[in-house]
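Numbered from 1 within each chain, the chains take letters A, B, ... in sequence-line order. Owing to the predicted nature of the structure, the values given are computational and were not obtained by experimental measurement.
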There are 2 protein chains.
Amino acid sequence: MAEASATIPGAGQVGSKGTDTRSAILTRALDIASVDGLEGLTIGRLASELKMSKSGLFAHFGSKQELQLATVGAAAERFRIAVIEPALGAPDGVPRLRAIAAAYLTHLEGNEYSGGCFWAATSAEYDDRPGPVRDAIAAALDSWLGELERQARIAGSPGPGRFAFEMYAVVMGANSRYRLSKDPEVFAYARDAIDRLLAEPPG
Amino acid sequence: MAEASATIPGAGQVGSKGTDTRSAILTRALDIASVDGLEGLTIGRLASELKMSKSGLFAHFGSKQELQLATVGAAAERFRIAVIEPALGAPDGVPRLRAIAAAYLTHLEGNEYSGGCFWAATSAEYDDRPGPVRDAIAAALDSWLGELERQARIAGSPGPGRFAFEMYAVVMGANSRYRLSKDPEVFAYARDAIDRLLAEPPG
DNA sequence: CCTACCGATCGGTAGG
DNA sequence: CCTACCGATCGGTAGG
């Protein structure tokens, strides 16, 4: 078993075993973080749930911060697969925006993740804690907002920045209200709000 | 709103010393929780910042959970004073809704609290953790949403529940985006969204 | 309101 | 990937 020559042990492996283990760790880490945050994601808890030793798990990342950053990266990939890629079949502009909102809301409504939206949970947790973890979360959200703004511009919106903000607010608001109230009616409210946003005259 | 009497040591004191100490503790607790959450609010940290012993502080609440519940209660009171009461001069309905939104956004924009909106931070933190703390946060938010809905009904909104959801989403979205981007333009976006919401024909 | 202490858990290290 | 350990901090208690 040759060690990879990465600075972070395990992080650069291409062999199937190390990659599989790392992937299994991150899948579990995403679930924990969406419920209990990136602080609640402790190495001891993660190791115990995966029936590994703490130090064995630790060796994959080298520090808790690197584990957190890897988890944020995995969340971005999962978001891309679940929300962005399914919408790529829709044409740019209004249809694409409609498809992205629909994919996101369906995603939440399906209760696929025990803690709801990873980004809602972790951005609220880290928005006031300076450092690389906050920066990575902020960059992922800026990238999403940027895509909404770009599509709004293509759609001829008079205020693409404002449009992106409102669409973000509505879908995040739906996550937030659903987590607390468990009332599925919020998804109907959110879909209605998105419909009206998309129907707005561009003047 | 009288304090409960006495099962919790220190909680029912009316003498000025105990009340002042408790009030000072909760003021500091609110600030910590808005930045680092109700888990980041540790007894040791709070005691050290207030130059008290851990056990001296602990005696005021009896458990960490009681400290958290007292902090949630103090946040509700502060919210009422900063957002609800200033709007009571405006007539019921649209003017009241406009005043509440304005007070909340001005409040956030003023950077009075180091961690932004206490409710945004703690509801995201506790929405998936069953227990009395989650219940208290959910009740406070339900109460606020209920007031928005009530005012929307008075204003003749065709969908008061939907209206309350959208107004909530916009103001919470402004907090969330401002915490991460530090771009004050989000407040202009939010005010514009509120104006359009309030101008909507009731048909 | 204090000192002194408890067992559990934290992130992390030594050495294999 | 493991056992065995480290100092720091957690919530909480005893006793005053």
Salt-bridge criterion met for [X] and [Y] (N-O under 4.0 Å):
X: D183(B); Y: R177(B); answer: no
X: R134(A); Y: D128(A); answer: no
X: D192(B); Y: R162(A); answer: yes
X: R129(A); Y: E39(A); answer: yes

What would the secondary structure line of DNA chain D be in dot-bracket form, counting Watson-Crick and G-U wobble pairs under 3.5 Å, with [ ] for pairs that cross earlier ones and | for pairs with another strand?
||||||||||||||||
Rounded distance in Å - [atom1] ([X]) to [atom2] ([N]):
X: L57(B); N: dT3(C); atom1: CG; atom2: P; answer: 14 Å
X: L46(A); N: dG12(C); atom1: CG; atom2: P; answer: 14 Å
X: F61(A); N: dT13(C); atom1: CZ; atom2: C1'; answer: 18 Å

Counting only N and O atoms by type, is there a donor-acceptor contact under 3.5 Å from the side chain of [X] to the main-chain atoms of [Y]?
X: D127(A); Y: R179(B); result: no
X: E149(A); Y: A164(A); result: no
X: R28(A); Y: E49(A); result: no

Using only modelled atom types and a 3.5 angstrom limit, is any donor from either the side chain of S55(A) or the base of dC2(D) paired with an acceptor on the other?
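Such a pair is found, so the answer is yes.
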Just checking, K182(A) and Y178(A): is the charged tip under 6.0 Å from the six-membered ring centre and within 45° of the axis?
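Yes.
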Between I25(B) and Q65(A), which has a closest nucleotide on DNA chain C that is more 5'?
I25(B)
Mind listing the N/O atom pairs, protein and nucleotides 9-11 of chain D, below 3.5 Å?
| unit_1 | atom_1 | unit_2 | atom_2 | d |
| --- | --- | --- | --- | --- |
| dC10(D) | OP1 | T42(B) | OG1 | 2.8 |
| dG11(D) | OP1 | K64(B) | NZ | 2.9 |
| dG11(D) | OP2 | I43(B) | N | 3.1 |
| dG11(D) | N7 | K54(B) | NZ | 3.0 |
| dG11(D) | O6 | K54(B) | NZ | 3.2 |

